[in-house]
Protein chains: 4
Amino acid sequence: MAVSIQSEKAPPEEKNGKTRERRNRNDSVIDEAIAVMSEKGYAATSIQEIADRVGVLKGSLYHYFSSKEELLFRIIEKSHQDTSRISAEVGALDLPPLEHLLEHIRRTSEWFLRNRERAHIYFTEVRNLSGERHAEAIQWGRMFETDVSALVTAGQENGTIRDDLDQRLVTRYIIGTMNNLRSWPSRPGSKKQFGNDQIVDAAVTLIADSIRAGSD
Amino acid sequence: MAVSIQSEKAPPEEKNGKTRERRNRNDSVIDEAIAVMSEKGYAATSIQEIADRVGVLKGSLYHYFSSKEELLFRIIEKSHQDTSRISAEVGALDLPPLEHLLEHIRRTSEWFLRNRERAHIYFTEVRNLSGERHAEAIQWGRMFETDVSALVTAGQENGTIRDDLDQRLVTRYIIGTMNNLRSWPSRPGSKKQFGNDQIVDAAVTLIADSIRAGSD
Amino acid sequence: MAVSIQSEKAPPEEKNGKTRERRNRNDSVIDEAIAVMSEKGYAATSIQEIADRVGVLKGSLYHYFSSKEELLFRIIEKSHQDTSRISAEVGALDLPPLEHLLEHIRRTSEWFLRNRERAHIYFTEVRNLSGERHAEAIQWGRMFETDVSALVTAGQENGTIRDDLDQRLVTRYIIGTMNNLRSWPSRPGSKKQFGNDQIVDAAVTLIADSIRAGSD
Amino acid sequence: MAVSIQSEKAPPEEKNGKTRERRNRNDSVIDEAIAVMSEKGYAATSIQEIADRVGVLKGSLYHYFSSKEELLFRIIEKSHQDTSRISAEVGALDLPPLEHLLEHIRRTSEWFLRNRERAHIYFTEVRNLSGERHAEAIQWGRMFETDVSALVTAGQENGTIRDDLDQRLVTRYIIGTMNNLRSWPSRPGSKKQFGNDQIVDAAVTLIADSIRAGSD
DNA sequence: GATGAATGAGTTTTCATTCAT
DNA sequence: CATGAATGAAAACTCATTCAT
């Protein structure tokens, strides 16, 4: 079942020179911010660089966000919304715990791979938020963890997931593995690399084989 | 079998003499740099902040390193040296591939957990190096990967490691899991958290159960 | 004797038609500008803030004035016109110097109190004008001073105002006292504060008692 | 009795070119800040302009203060300290209320005239402070007012100050007059202007004649 | 070794103003 | 009239680095 959420880059329209462009650059700003920030990290990314890539003066960017931190927040917020929605969609399937967990991993992993850059920011840059925004993002992370945690516990209780390992360690193992998918070999254009489907399949297989009851 | 490599923060010995003091100060600079950088990230860490924690004016830090980047390099270099040594020590045991790999994972993971902050920097801040230093650190990372990769391949060849999954994916899975150990639940002082040994045991168990031949 | 000049904020009439609306908006811009500028000062007031209060986007404000400085100039100009008119009206009464001066103080003070915010700007923000506008406003201030100064001199010459103090010092004393009336205690709604009439009476009494010939 | 407090500008040492100057520019920074801010107002004063006058790059100024607002605070704080000290010195003379008040006015006025620029900032720029600093400065202003207010009340009670006018209005009148002394005609170099002593004498005479009991 | 004033180039952010729609 | 994207210049502030003392 295909997941419908999409966050790909807006199509790069040609600038036709004549009139000063008035289109909405909101998506473009976010996209370029994601690209630079995921490559260099939030702190090492300058507003100047984003502006250069968008093709406006740096002051102009402040029409699209009120501060660099708010820009980061919006990127993270969108990731949270997407993954939350996936979580809800999987929940609606009403599967038994282990199948539920594996489907959750599968779809979330697909999203992470399709949105590698955004996901990277989601996982690594929360510490650059402050105050209210930081608290909220931390809360989101906890929700994400709780979703997995609850499924692991349920699987242990109905005997489908091994219970010789503490639920919290298993949860962290699963989330950590998903976090790292972005670094699994997949440079497109390289000779023999892997498609997102192959990576997801491998990850789900490995996780399933390690947590299934009776593994030990 | 205990691993002898130690990189913990220098014990806060009382200043009992010039020599000791000087020695401590040098270590202290590195230690505080590691502490701040692992918390805030390299780019968001200011020399001022390190100086404040060391208890010295920021100009004075330049007696201990020649640039912020060189400081980062030294931190990463030391991590490389430690993990390389571990790799060599395990190699000297002359174990069969799977056992060799698991022992490698075990000891390296122990080091990562004992040196959480330094390891975090090692894994995330290489992109802040430039030129020669960047190239060298990239090379070290490749060496680290190659060590694991070779063992996986050997294990697949002698039939002890599953070969239905590409060697590169399995390698990335293993390394990724090790990378993430620092975030496994372990706040010391908290009531029911986990010691480093428990975490390592769990990680090795999970990895072993997922990559062993015959899992599928 | 009631003074007829009125510069109070336009009453918040309901928008009952195009014409009325347009008229209101124009006044509203001035009124809000006066409110913000008197509170924060001209330099610390942003066009954005005025626009927010008017309920219009900042670009739209430029339909009502051509520059921030021109807006300030108009505010000051109106103050000058009002006080000039008062000065002329009092002159038309044809009173002897001391009585003339006191009536001038009385009516001008009433205007200052009724237009506290505008008067504040009139007295403190002239330095933010430049070029021609600055010169003109300075000239207005000089005219204001000259009006008082001439009356003081005349009073000294006919023996009704003390002449042991230089006319210029007395003039500055009078003007300075009027300038400060806006800070005399008068928060409306507070229990025992003072009405504008009481403040004016007190000020005129104090000034009269201090400058009358025979005081020493 | 002469007041000993002095805040004049530091002597302008010649820069003798040879070595980069390492002297303490703290006073110089404050002095130039006072000069520019009193002329243009806090908000219209740029750090750049102060730096230009001090002769350093603008970034270097941040060795002397941590923010523009803190710089303003320090200027205002010093004014408060000076005027507080004067108030205490006069209090120690143990004079009857009216004499006490007039001596207070005399000495404080002298300070205002000798420190025209600083006093101007003290009276007009408090609104540019924020948070804790703003609260503290407001408190200082209230203390200043309370000092005068208490003397007026005491004078009314022992019958030496007129009591037909409310104590609060008289207090504001006095403070307002002192505030305005800086604009009394005194440009040095101009032909027939006035020395500080003459201005203070005139002000004390005018105030005394207006508030003394029996004036009416 | 340590200091701390100074640099110089950078950062994020603000803001009056313009103008095509 | 009103919009709102964009400008361009300047603002406050940061920071790695240098260096005379």
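Remember, it's a predicted structure, so these values are computed and weren't measured experimentally.
Contact detail for B/Ile50 and B/Val29: the closest heavy-atom pair is CG2-O, 4.1 Å. Residues C/Arg118 and C/Ser79 come closest through the heavy atom pair CG-OG, 3.1 Å.
A salt bridge (charged side-chain N to carboxylate O under 4.0 Å, His left out) check over residues 126-136 of chain C, counting only residues at least two apart or in different chains, returns the pairs C/Glu69-C/Arg133.
Note: CG (B/Asn26) to P (E/dG1) measures 8 Å, nearest angstrom. In this entry the distance linking CG of A/Leu57 with P of E/dA16 reads 18 Å, nearest Å. If you measure from atom CD of A/Glu70 to atom C1' of E/dT12, you get 14 Å, rounded to the nearest angstrom. For D/Glu49 and F/dA11, the CD to P distance is 9 Å, given to the nearest whole Å. In this structure, CG of C/Asp52 is placed 16 Å from P of F/dA2, rounded to the nearest angstrom. Between the CG atom of C/Leu61 and the C1' atom of F/dA2 there is a distance of 11 Å, rounded to whole Å. If you measure from atom CD1 of A/Ile50 to atom P of E/dG10, you get 18 Å, rounded to the nearest angstrom. To the nearest angstrom, P of E/dT21 lies 16 Å from NE2 of C/His63.
Residues meeting the side chain to side chain donor-acceptor pair (under 3.5 Å) test with C/Gln48, sequence neighbours left out: C/Asp52. Taking C/His120 as the reference, nothing meets the ring-ring contact (aromatic ring centres under 6.0 Å, His included) condition, with sequence neighbours excluded. Residues satisfying the side chain to side chain donor-acceptor pair (under 3.5 Å) test with D/Glu77, not counting sequence neighbours, are none.
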For DNA chain E, what is the dot-bracket line, given that a base pair needs Watson-Crick (N1 to N3, plus N6-O4 or O6-N4) or G-U wobble (N1-O2 and O6-N3) geometry with both distances under 3.5 Å, and | means paired with another strand?
.||||||||||||||||||||
Dump the pairs, protein N or O against N or O of nucleotides 12-14 of chain F, anything under 3.5 Å, distances to one decimal.
residue	atom	partner	partner atom	Å
F/dA12	OP1	D/Thr45	O	3.2
F/dA12	OP1	D/Lys68	NZ	3.1
F/dA12	OP2	D/Ile47	N	3.0
F/dC13	OP2	D/Tyr62	OH	3.0
F/dC13	OP2	D/Lys68	N	2.8

Go through it in stages, so that I can follow the logic: the residues are B/Leu129 and B/Leu72, the test is side chain to side chain contact (heavy atoms under 4.5 Å, CB included), and I'd like the CA-CA distance, side-chain angles, deciding distance and then a yes or no.
CA-CA 8 Å; B/Leu129 295 173; B/Leu72 173 60; 3.9 Å; yes
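Here B/Trp140 and B/Phe123 keep their ring centres 6.0 angstrom or further from each other.
C/Glu49 has a carboxylate O that lies under 4.0 Å from a charged side-chain N of C/Lys40, or vice versa, which qualifies the two as a salt bridge.
For E/dA5, neither phosphate oxygen OP1 nor OP2 lies less than 4.0 angstrom from any side-chain nitrogen or oxygen of D/Tyr64.
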